[in-house]
Amino acid sequence: MILIFILALVTRVYIPPHEHLVYIDEPWIMEAAKNMLQTFHQGDFQMSIGWPFILSIVFGIFGVDNRFALYTSTFLGALTIFNIFFLAYIITNRKLTGLVSALFFSIFPAHIRWSAAAENNIASIFFTTMAIFFCFLYYKHKRYSLLWLSLISIAFTSQIRIENYTLPLLFLLGVYIYHKKYH
């Protein structure tokens, strides 16, 4: 897994040019993050606030700079391979399937390209795959701590992109399927 992570990180850092691909949204996102850091308010930003919130933390640690937004996306893009591995592993109970899934995901060209931009889609994929993994953990082990972990991760992930508002419905569908499967 470490070698696959290094492959994912190296391809995302060195292959695509780190630049903005969505010329209106990305500056708005970074401005909202800067406003959240400086005034604790997102200003006139009308989109999902999760990604600017994450960037405001990054800006608070490293400083308000365009590069930090781009490289935060790059780093989350590379970290997503761990989520893919764990998700594939918990679904199939096969480490090889998890490794192959993570390897294929690490060289997926569209993900590599978008990992070099400050748009919210890479963060959304990272948190969505993590939330779904937590849901499968809950389906498998049925513990209240895992239920709360799943629900909190779904709630946070829903704040990153508007499409993620469907995750609670998918969670409930999974509860229905897995409850029916084991009873």
### Task
Could you pull out all residues at least two apart from P109 that satisfy side chain to side chain contact (heavy atoms under 4.5 Å, CB included)?
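By the side chain to side chain contact (heavy atoms under 4.5 Å, CB included) rule, P109 matches no residue at all.
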### Message
Restricting to side chain to side chain contact (heavy atoms under 4.5 Å, CB included), what partner residues turn up for I112, sequence neighbours left out?
### Response
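Applying side chain to side chain contact (heavy atoms under 4.5 Å, CB included) to I112 gives T11, R12, P16.
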#### Entry: Partners meeting salt bridge (Lys or Arg N to Asp or Glu O under 4.0 Å) with R143 (sequence neighbours left out)
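R143 satisfies salt bridge (Lys or Arg N to Asp or Glu O under 4.0 Å) with no other residue.
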#### Entry: Residues that D25 engages under salt bridge (Lys or Arg N to Asp or Glu O under 4.0 Å), provided they are two or more places apart
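Testing D25 for salt bridge (Lys or Arg N to Asp or Glu O under 4.0 Å), a comparison that skips the adjacent residues, returns none.
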For the atom pair [atom1] ([X]) and [atom2] ([Y]), what is the distance rounded to the nearest 0.5 Å?
X    : Y    : atom1 : atom2 : answer
W114 : I122 : CH2   : CD1   : 8.5 Å
I132 : Y139 : CD1   : OH    : 8.5 Å
T74  : R67  : OG1   : CZ    : 13.0 Å

### Query
What residues join L70 in its hydrophobic cluster, counting side-chain heavy atom gaps under 4.5 Å, either direct or through other members?
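Taking Ile, Leu, Val, Met, Phe, Trp and Tyr as members, L70 stands alone, with no cluster partners.
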### Query
Under the side chain to side chain donor-acceptor pair (under 3.5 Å) test, which residues partner S153, sequence neighbours left out?
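Side chain to side chain donor-acceptor pair (under 3.5 Å) check on S153 returns nothing, list empty.
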### Query
Who pairs with Y165 by ring pair (Phe, Tyr, Trp, His ring centres under 6.0 Å), at least two apart in sequence or on another chain?
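Partners of Y165 by the ring pair (Phe, Tyr, Trp, His ring centres under 6.0 Å) criterion come out as none, since no residue qualifies.
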### Task
Could I get the full list of ring pair (Phe, Tyr, Trp, His ring centres under 6.0 Å) partners for F134, not counting sequence neighbours?
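Expected list: none.
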### Task
Please examine the side chains of I4 and F82, heavy atoms only from C-beta on, and report whether any two atoms are closer than 4.5 Å.
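With C-beta onward as the side chain, the pair stays apart.
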### Query
Is there side-chain contact between L9 and F75, with at least one heavy-atom pair below 4.5 Å?
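When only atoms from C-beta onward are counted, F75 and L9 do touch, with a gap below 4.5 Å.
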### Task
Using the rule that two of Ile, Leu, Val, Met, Phe, Trp, Tyr join whenever any of their side-chain heavy atoms come within less than 4.5 Å, decide whether I15 and L7 are in one cluster.
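No, separate clusters.
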#### Entry: L3 with L96, same ILVMFWY side-chain cluster at under 4.5 Å
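In one cluster with L3: L96, no.
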Which atom pairs, donor and acceptor, lie under 3.5 Å between side-chain atoms of residues 27-35 and protein residues at least two apart or in another chain?
{"residue": "N35", "atom": "ND2", "partner": "E31", "partner atom": "O", "Å": "3.4"}

### Query
Is it the case that N164 and S124 place a side-chain donor and acceptor less than 3.5 Å from each other?
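Result is yes, a qualifying pair exists.
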### Task
Validate the cation-pi geometry between K140 and F136: distance from NZ or CZ to the six-membered ring centre under 6.0 Å, angle to the ring axis within 45°.
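Pair K140/F136 does not count as cation-pi.
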With a 3.5 Å cut-off and sequence neighbours excluded, list the donor-acceptor pairs that the side chains of residues 97-108 form with protein atoms.
{"residue": "S101", "atom": "OG", "partner": "T97", "partner atom": "O", "Å": "2.7"}
{"residue": "S106", "atom": "OG", "partner": "L103", "partner atom": "O", "Å": "2.6"}

### Task
For residues 33-64, pull every pair meeting ring-ring contact (aromatic ring centres under 6.0 Å, His included), keeping only residues two or more places apart or in separate chains.
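Qualifying pairs, neighbours excluded: F62-F68.
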Would you tabulate the side-chain donor-acceptor contacts of residues 85-92 under 3.5 Å, counting partners in other chains and residues two or more places apart, or write 'none'?
{"residue": "T92", "atom": "OG1", "partner": "A88", "partner atom": "O", "Å": "2.8"}
{"residue": "T92", "atom": "OG1", "partner": "R94", "partner atom": "N", "Å": "3.3"}

### Query
With a cut-off of 6.0 Å (strictly less than), are more than 12 heavy atoms of other residues, nucleotides or ligands near CG of D44?
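Not more than 12 within 6.0 Å, no.
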### Query
So does I24 have more than 12 non-hydrogen atoms from other groups sitting under 6.0 Å from CD1?
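Result for CD1/I24: open.
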